Each structure stands twice: as structure tokens, then as C-alpha cells.
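All remarks here apply to the structure that follows.
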Amino acid sequence: MTGFVSTPPADGLAELDPEERRLLDRAVALLAGHRLAVLTGAGLSTDSGIPDYRGPGSVPRSPMTYQQFVGDEALRRRYWARNHVGWRHLRRADPNAGHAAVALLEQRNLLSGLITQNVDKLHSSAGSVNVIDLHGTFDRVVCLQCASTFPRSRIAEILEELNPGYLERESDAGDVAPDADADVDDTGDFVMAPCPVCGGMLKPDFVYFGENVPKARVADAYAMVDDAGALLVAGSSLTVMSGLRFVRHAFKAGKPVVIINRGHTRGDEFASLKIEAGVSEALSYLARELPDLPRAQGIIRYRCE
């Protein structure tokens, strides 16, 4: 299993109400005949039991910034201690019906590609192939000195050896954030793992707040939007520019933009259609109702890290 979970996954799909169905039928009319670029955010993974940062009812959170992580040893130690506990709690998520629907859209040749802001790799677990993990993935750790990368599971084993009994003492951690930051206070004596290659500073290989997405990855994502006829956004508040820029890009190009998200997003003003509905339910509906495209249009592949 991949990803992370702290709350029970949703049981089945909720029934769409008449207004949601009416809006989704409008979305089908807008998107039919176009190959789609899909952009997904944390709201898609909540049905897998992964908490959201900004959705309705979400616990207020202050994620660690990149500058805090690299610049303050005490904060970095606190992060790794809490992450060590949180990773064990949260790595057991399974894809939900929304992930399966996106994979089906790709299998039906309806996508130019998929851009996800999530680090949980649940799209890949669901069978999606042409995926750009915009913010990286949670299953790798990188050394900031020598750039070596390691499976997160290997670093977990090293941390257990360096901190025997820590997981057992802190097994009752409270709230766990989307980046696996567990509610643990006893972190002062935690021993961090050095890079197994050079002894340098290790960091989870995903983009922190205050850190830039690699330029090549951004360029690939723009290319996916350029090669699509429309953009479908699912489960993202578009609060950070890393996702919003693709909505603006599609809007400036005159392409239809459909946003599915409960609550306001920063991209609402650019949307041809905004739908407030359950993300899994809406994507499942679109995967069923959108008509096929001619196979001659082909599938475009990208360099996806």
C-alpha cells in the first residue's frame, strides 16, 4: 500500500442531488470532444482517509516551511520525530473511486495527462500512467548535500534503529496532518538520520511551502495543458500558485475550465463552470458520461518524475 491515512475511508459513493447532476451534465457538454488535462488536489484524497489542509471542516494547520526545515536544527528534529510517527499512521491509504475514475478517463483516451498536487501516489496506485507529481512523492527521501535519494521505508528502518522504542512510546499520537506531521510533543531527544552516502541533511522528497517546484516539471505540466482542449480541476482550492498558474494559463488560451471543489477556490473567476459536489462522485459521473474521442488523436507522453 502507498500514501497515508488517519481517518476511515469513505464508504461507497453518495447520491448526486438534482442540482449536482444538472451541473455535471453541463460539464459533459462543455468538455465533450476535448482531450482533458486534469489537475487534482487534496480534496480528491479525503475519501481515502487523508486529511485536507483547507477543505470545509479541516483542522487549521501551519505546515513547516523549507526555510524552517533547513535553517533550524531543533525544528528539523521536531519535524522528523513527528513525521516518523505520522508516516506509520498514514501510509496505509488505498485509492478511492475518484482516483479510479481519473484512471478510467486515461484508459478511454480522454486525457492529455494528469497533474496532481498530492504527494500520496494514489493516482499511480489506481492505474494512472501519464502522471506529473507536481509536488513530489512521499515515498522518497533526498539528501540536500549529495542529491542521493532513498525509499522512505529505508529511512524509517534507520530511524527505528537510532530511536529504539520511540514508536511504541508515541503510538497514541493525536491529529496527523496531510504531510504526516503527527501530534507528538516529546521530540527533544529524537536522533535524526544522516544521509547513508555522505552524512548530509535528509529531507522528504516533496516540495515544502516556500520551496519551488522544479522548472522542468512545471514545463511538462504546462505542455499537458497546452496539448489539451480543456482543463478539469478536481479537489483543489488553488490557494497556492503552483496549481493556480495552470488554471490561468488555460483561461488565457481560451480553453474551457471546469472546477469541482466544495468551497471557494482562487480559480473560480477563471472557471467556465464551478461545481460544488463530492469529488469522487463527480469524477465517477464524468468518467461514465463523457463520450469517446477518436483513437487517431493518440495519447501524448511526458517526462514524469
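Computed from a predicted structure; not experimentally measured. Values reported hereafter were calculated over all heavy atoms of this structure, with side chains retained and with hydrogens, waters and symmetry mates removed. Residues take their numbers from the sequence shown, with the count starting at 1.
One hydrophobic cluster, built from ILVMFWY side chains closer than 4.5 Å, holds both Ile260 and Val28. Using a 4.5 Å cut-off between side-chain heavy atoms of Ile, Leu, Val, Met, Phe, Trp and Tyr, with links allowed through other members, Ile115 and Val207 fall into the same hydrophobic cluster. Leu290 and Leu104 are not part of a single hydrophobic cluster, where members link through side-chain heavy atoms under 4.5 Å apart.
For Glu160, the side chain to side chain contact (heavy atoms under 4.5 Å, CB included) partners two or more places apart in sequence, or in a different chain, are His84, Arg88, Leu167. By the side chain to side chain contact (heavy atoms under 4.5 Å, CB included) test, Ala100 pairs with no residue at all, sequence neighbours left out. The side chain to side chain donor-acceptor pair (under 3.5 Å) search around Thr40 returns Thr116, His123, not counting sequence neighbours. Glu73 is linked by a salt bridge (charged side-chain N to carboxylate O under 4.0 Å, His left out) to Arg77, counting only residues two or more places apart in sequence or in another chain. For Glu289, the salt bridge (charged side-chain N to carboxylate O under 4.0 Å, His left out) test picks out no residue, with sequence neighbours left out. With sequence neighbours left out, Asp226 forms a salt bridge (charged side-chain N to carboxylate O under 4.0 Å, His left out) with no residue at all. Residues passing the side chain to side chain donor-acceptor pair (under 3.5 Å) test with Gln117 are Ser236, sequence neighbours excluded. By the salt bridge (charged side-chain N to carboxylate O under 4.0 Å, His left out) test, Lys255 is found to be paired with no residue, residues two or more places apart in sequence or in another chain being considered. Not a single side chain to side chain donor-acceptor pair (under 3.5 Å) links Asn163 to another residue, sequence neighbours left out. Considering only residues two or more places apart in sequence or on other chains, Ala271 meets the side chain to side chain contact (heavy atoms under 4.5 Å, CB included) condition with Ile259.
With rounding to the nearest 0.5 Å, the separation of CZ in Phe150 from CG in Leu202 is 6.0 Å. To the nearest 0.5 angstrom, Leu31 atom CG is 7.5 Å from His34 atom NE2. Atoms CZ and CG, from Arg288 and Leu283 in turn, are 11.0 Å apart once rounded to the nearest 0.5 Å. With rounding to the nearest 0.5 Å, the separation of CD1 in Ile275 from CG in Leu232 is 8.0 Å. Remark: Leu162 CG to Ile155 CD1 distance equals 10.0 Å, nearest 0.5 Å. The OG atom of Ser128 lies 12.0 Å from the NZ atom of Lys121; values are rounded to the nearest 0.5 Å.
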task: Kindly indicate, with the supporting measurements, whether the criterion side chain to side chain contact (heavy atoms under 4.5 Å, CB included) is fulfilled by Phe209 and Tyr66.
output: CA-CA 6 Å; Phe209 288 86; Tyr66 178 78; over 6 Å; no
message: Under the criterion side chain to side chain contact (heavy atoms under 4.5 Å, CB included), I'd like the reasoning laid out for Leu44 against His99: C-alpha separation, chi angles, the key distance, then a yes or no.
response: CA-CA 8 Å; Leu44 177 57; His99 297 106; 3.9 Å; yes
field: Stepwise side chain to side chain contact (heavy atoms under 4.5 Å, CB included) check, Ile50 with Leu122
entry: CA-CA 11 Å; Ile50 299 175; Leu122 292 181; 3.8 Å; yes
- prompt: Does the pair Val141 and Lys203 meet the rule for a side chain to side chain contact (heavy atoms under 4.5 Å, CB included), with working shown?
  reply: CA-CA 6 Å; Val141 174; Lys203 171 187 164 293; 5.8 Å; no
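Looking only at side-chain heavy atoms (C-beta outward), Leu293 and Leu110 come within less than 4.5 Å of each other. By the 4.5 Å heavy-atom criterion applied to side chains, Glu20 and Glu15 are not counted as neighbours. Side-chain contact between Leu231 and Pro256: absent, with no pair of heavy atoms (C-beta onward) separated by less than 4.5 Å. Between Leu111 and Val38, the closest side-chain pair of non-hydrogen atoms falls below 4.5 Å. In this structure the side chain of Arg245 reaches within 4.5 angstrom of the side chain of Val218, judged on heavy atoms. Between Glu211 and Thr65, every side-chain heavy-atom pair lies at or beyond the 4.5 Å cut-off. Inter-residue side-chain proximity for Tyr79 and Pro204 is flagged as met; some heavy-atom pair is nearer than 4.5 Å. Between Asn130 and Met224, the closest side-chain pair of non-hydrogen atoms falls below 4.5 Å.
Residues Leu238 and Leu244 approach most closely at O-CB, 3.8 Å, considering heavy atoms. Heavy-atom minimum distance, Val247 versus Gly267: CG1-O, 4.3 Å. Ala250 and Val257 get closest at one heavy-atom pair: CB-CG2, 3.9 Å. The two residues Ala287 and Leu105 come nearest to each other via the heavy atoms CA-CD2, 3.7 Å. Of all non-hydrogen atoms in Ala103 and Gly127, the two that sit nearest each other are CB-C, 4.1 Å. The two residues Pro164 and Glu161 have their closest heavy-atom pair at CD-O, 3.6 Å.
Using a distance-only test at 3.5 Å, with no hydrogens or angles considered, no donor-acceptor pair links the side chain of Ser45 to the main chain of Ser48. No donor-acceptor pair closer than 3.5 Å links the side chain of Arg140 to the backbone N or O of Pro151. At distances below 3.5 Å, at least one donor-acceptor pair connects side-chain atoms of Asn118 with backbone N or O atoms of Ala42.
In this pair, Phe206 and Phe138 present their aromatic rings parallel. The plane angle is below 30°, not in the 30 to 60° band.
Summarising the local packing, CG of Asp189 is surrounded by 12 or fewer heavy atoms from other residues, nucleotides or ligands at distances under 6.0 Å.
If you look at Tyr208 and Phe69, their ring centroids are closer than 6.0 Å.
Checked options Leu36, Leu286, Leu30; the residue passing with Val258 is Leu30 (criterion: side-chain contact (heavy atoms from CB on, under 4.5 Å)).
Ion pairing between Asp292 and Arg108 holds under the 4.0 Å rule for side-chain N and carboxylate O.
Within the structure, side chain to side chain donor-acceptor pair (under 3.5 Å) contacts touching residues 21-30 (residues at least two apart or in different chains) are Glu19-Arg22, Asp25-Tyr285. Applying the side chain to side chain donor-acceptor pair (under 3.5 Å) test to residues at least two apart or on different chains, the pairs with a partner in residues 144-157 are Asn83-Arg152.
One side chain, His135 or Ser242, offers a donor N or O that lies under 3.5 Å from an acceptor on the other.
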